[in-house]
Amino acid sequence: MGGGGAAVMRKKVLRRFKIRGYTLKVEAVEEVLSFVGQFEDADDEALELLLDEIDNESYKSTILDRESVHRVVSLLLDADSAVASGPDVINQTALRVIDVFNVPKFQYDPVKKVFYEHTGRLPIHGEASAKAALYRDRFHLLLQRISRDKHFSRPVFDSEMVDSQSCEITSIQSLIGSVGRKWIMGVISQLEDGHFFLEDLTGAVPVDLSNAISLIEHIVYIFHLPNLIVFFDVSHKITSGFFVENTIIVAEGELLLNGVFQVSTCGFPPLEDREASLSLLMGLDFFGSGILTSEETLRLSQLEKKAVNDMFVVLSDVWVDNDETMEKLATVLDGYENVDVVPSLFVLMGNFCSRPCNLSFHSFSSLRLKFTKLGEMIGSHPRIKEHSRFLFIPGPNDPGPSTVLPRCALPKYFTEELQKQIPNAIFSSNPCRLKFCTQEIVFFRNDLLYRMRRSSLIPPSTEETSDPFEHLVATITHQSHLCPLPLTVQPVVWNYDHCLRLYPNPHTIVLGDSSEQNSFKYSGITCFNPGSFSRDGTFAAYRPCTREVELSALEGCEARPKW
């Protein structure tokens, strides 16, 4: 690191040790800096781990010399060097698939301002109260997030700021009798046919969005808050994203005499940085992969850096009942069989059948045979069979108990023969979560873009982007939810709505969609769609070490036109 960076790190080391009650001699400081310097992207974790280990030692004095620190450093480095970095070890120890039905459920207590874990069983068929809780939990999740945003909190000691200049969120119940422009946060609901409302925990108010795209005086120029540009468009038009029923928005406007809230500006609740969210969750396991100690986190962080050859190949719409698709899949497997290092993971997402597997489908035995042949195809590639793992995620039209989200894994009737031939095959839910070392990845197979566009109440703004996929990414990340569609459009198991949450922000989101393949980085989150393999011959390769996405296609396959 440069001279300035070294000086900052030296001050940090001295301050952290002083907080723990230790004083370092000059040689001891150099020993600590040498140790921390080996973990460039995880220096804070390395420093905390070193302090934790020093706390476990019994020293006679709080003044530490070089020998005292060196002894602890040597123990930590010996433990780290014992970690193998081969691809097989990575597959076995650092790659974990989480079925979302096993993800713990956390609910927010607005009084104590803490999350607590739900205990007890979660029945699939919930009572009516579970449906109300679904909306309440979604609202609380975003409300606690926006309450920490400096732009939506009233300054405690700023007596000069009048109500009309405050960005503080007002409850809908408090709008009664108020005058002037207010900021409210609510769920877009259609409580009456053809009439839309904004609804929060205190009440509901009819809204008029007809003037929401007109030019008005912008808050950026009134309050000189340039950071708000990431939330509201400079021209006061509606910001990026699809505004559909069930989405939660923040709106500025005025309550008219007829009781309608005239919206002038609206947008989604601002995102919160992943690290900021994690620091407030006090070690709660929202992702479902288990809590890691500081030592495990440091070790896995190093392992992730060394996994430069690891690659995940993602394919969506793998029709096993279509000969042309199977020929294309054989071509892909042949290609990766002959590379120097085979991919560590193949993710095959549905639909696995070219037509919906509903009550009119009478070829279940034939589909079972097709899966068996798929296992034989994979088994004919010995290097891939030995060194790669295969993750199967069902699509919306695949066989299963229902089309409600989340969907359980493919029934064993179809997969048991494939499983015998490919022991490394994993059959998981949709959506599905994957933990690679310290990296959190979410897979979701649904034709979400088409349904979002059909359900959108207002045409999305083209000021920031005209790419529908980018609008989709903005919607699900700001809503912290994979599928914020109305339940009439996409039913959700009420008690398992938490399985669709995106909080804290994962590192990567893979959206298997039948639309054109695409890749987009949004606020530090990598999002991509591998495209429809059966229709376009498109797929994607993801390198978790660098979080780079390689969009690929087989030659001779004609891509569909853009939306």
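Values reported hereafter were calculated over all heavy atoms of this structure, with side chains retained and with hydrogens, waters and symmetry mates removed. Count residues from 1 along the sequence.
Pairing each heavy atom of Cys408 with each of Pro394, the nearest pair is O-CG, 3.4 Å. Considering every non-hydrogen atom in both Ile476 and Leu482, the closest pair reads CG2-O, 3.5 Å. Scanning all heavy atoms of the two residues, the minimum distance from Asp334 to Asn338 falls at O-ND2, 3.0 Å. The two residues Val69 and Ala28 come nearest to each other via the heavy atoms CG2-CB, 4.0 Å. The shortest heavy-atom contact between Pro484 and Arg138 is CA-NH1, 4.2 Å. Taking each heavy atom of Glu464 and Ser240 in turn, the nearest pair found is OE1-OG, 2.7 Å.
Between Asp310 and Arg543 there is no salt bridge, since no side-chain N of the basic residue sits under 4.0 Å from a carboxylate O of the acidic one. Here Glu31 does not pair with Lys25 in a salt bridge; the nearest charged N to carboxylate O distance is not below 4.0 Å. Using a 4.0 Å cut-off between charged side-chain N and carboxylate O, Arg148 and Glu272 make a salt bridge.
Residues satisfying the ring-ring contact (aromatic ring centres under 6.0 Å, His included) criterion with Tyr496, sequence neighbours excluded, are Phe101, His498. With sequence neighbours left out, the salt bridge (charged side-chain N to carboxylate O under 4.0 Å, His left out) criterion links Glu296 to no other residue. For Arg274, the salt bridge (charged side-chain N to carboxylate O under 4.0 Å, His left out) test picks out Glu440, with sequence neighbours left out. Residues satisfying the salt bridge (charged side-chain N to carboxylate O under 4.0 Å, His left out) criterion with Lys18, sequence neighbours excluded, are absent altogether. Arg10 pairs by the salt bridge (charged side-chain N to carboxylate O under 4.0 Å, His left out) definition with Glu30, not counting sequence neighbours. Remark: Phe17 pairs with no residue by the ring-ring contact (aromatic ring centres under 6.0 Å, His included) rule, at least two apart or across chains.
Looking only at distances, no side-chain donor or acceptor of Arg501 sits under 3.5 Å from a matching main-chain atom of His481. In this structure, the side chain of Asp285 engages the main chain of Gly290 through a donor-acceptor pair within 3.5 Å. Without hydrogens or angle criteria, Arg145 side chain to Pro269 main chain gives a donor-acceptor distance under 3.5 Å. The closest donor-acceptor contact from the side chain of Arg16 to the backbone of Lys11 lies at 3.5 Å or more, if one exists at all. With Gln517 contributing its side chain and Phe539 its backbone, the two residues share a donor-acceptor pair below 3.5 Å. Although no hydrogens or angles enter the test, the distance criterion places a donor-acceptor pair under 3.5 Å between the side chain of Ser147 and the main chain of Gln144. Listed for the Thr477 side chain is a donor-acceptor partner under 3.5 Å among the backbone atoms of Val473. With hydrogens and angles ignored, the 3.5 Å screen pairs a side-chain donor or acceptor of Arg445 with a backbone N or O of Gly512. A donor-acceptor pair under 3.5 Å is absent between the side-chain atoms of Gln107 and the main chain of Glu117, judged by distance alone. Judged by distance alone, the side chain of Ser388 and the main-chain N or O of Lys385 form no donor-acceptor pair under 3.5 Å.
Side-chain contact check for Asn446 and Asp513: no donor-acceptor pair (N or O, by modelled atom type) lies under 3.5 Å. Ser344 and Arg389 share no donor-acceptor pair across their side chains, judged by distance under 3.5 Å alone. No side-chain N or O of Thr247 forms a donor-acceptor pair with one of Gln479 less than 3.5 Å apart. A donor-acceptor contact under 3.5 angstrom links the side chains of His478 and Tyr522, judged on distance only. In summary, the side chains of Asp200 and Thr202 do present a donor paired with an acceptor at a separation below 3.5 Å, with no hydrogens or angles considered. Neither side chain, Asn424 nor His387, offers a donor N or O lying under 3.5 Å from an acceptor on the other.
Here the side chains of Lys435 and Ile98 are in contact, with some heavy-atom distance below 4.5 Å. The shortest distance between side-chain heavy atoms of Val32 and Leu47 falls below 4.5 Å. A heavy-atom distance below 4.5 Å is found between the side chains of Phe469 and Leu511. Within the 4.5 Å cutoff, side-chain heavy atoms of Phe312 are placed close to those of Leu434. Between Thr526 and His507 there is no side-chain heavy-atom pair separated by less than 4.5 Å. Residues Phe139 and Met185 are in side-chain contact: their nearest non-hydrogen atoms beyond the backbone lie under 4.5 Å apart. A heavy-atom distance below 4.5 Å is not found between the side chains of Gln421 and Ile378. Between Asn495 and Pro123 the shortest side-chain heavy-atom distance falls below 4.5 Å.
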Take Ser429 and Arg407, measure what side-chain hydrogen bond (donor to acceptor under 3.5 Å, both in side chains) needs, and give me the verdict at the end. CA-CA 6 Å; Ser429 60; Arg407 288 179 62 93; over 6 Å; no
Evaluate side chain to side chain contact (heavy atoms under 4.5 Å, CB included) for Val314 paired with Met349, printing each intermediate quantity in order. CA-CA 8 Å; Val314 185; Met349 294 192 282; 3.7 Å; yes
Passes salt bridge (charged side-chain N to carboxylate O under 4.0 Å, His left out), Lys105 versus Asp497? Steps please. CA-CA 9 Å; Lys105 180 177 183 178; Asp497 183 69; over 6 Å; no
For Leu500 and Val492, run side chain to side chain contact (heavy atoms under 4.5 Å, CB included): C-alpha distance rounded to whole Å, both residues' side-chain angles, the deciding distance at 0.1 Å, then the answer. CA-CA 9 Å; Leu500 304 174; Val492 174; 4.0 Å; yes
One pair to check against side chain to side chain contact (heavy atoms under 4.5 Å, CB included): Phe35 and Leu33. What are the steps and the verdict? CA-CA 5 Å; Phe35 170 72; Leu33 290 174; over 6 Å; no
Passes side chain to side chain contact (heavy atoms under 4.5 Å, CB included), Thr538 versus Leu551? Steps please. CA-CA 8 Å; Thr538 56; Leu551 298 179; over 6 Å; no
Pair Arg20-Glu48, salt bridge (charged side-chain N to carboxylate O under 4.0 Å, His left out): steps then yes or no: CA-CA 10 Å; Arg20 298 282 187 113; Glu48 287 299 317; 2.9 Å; yes
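Ring geometry for Phe392 versus Phe427: interplanar angle under 30°, hence parallel rather than tilted (30 to 60°). By the 30° and 60° cut-offs, the orientation of the rings of His471 relative to Phe242 is tilted. Between Phe528 and Tyr542, the angle of the ring planes stays under 30°, which puts this pair in the parallel group of the 30/60° scheme. Aromatic ring orientation, Tyr503 versus Phe286: perpendicular (interplanar angle above 60°, classes split at 30° and 60°).
Note: Cys527 SG to Leu502 CG = 8.5 Å, rounded to the nearest 0.5 Å. The CD1 atom of Ile509 sits 9.5 Å away from atom CG of Leu472, with the distance rounded to the nearest 0.5 Å. Separation of atoms CD (Glu252) and OG1 (Thr170) is listed at 11.0 Å; rounding is to 0.5 Å.
Taking the centre and axis of the six-membered ring of Phe287, the NZ or CZ atom of Arg433 falls inside the cone set by 45° and 6.0 Å.
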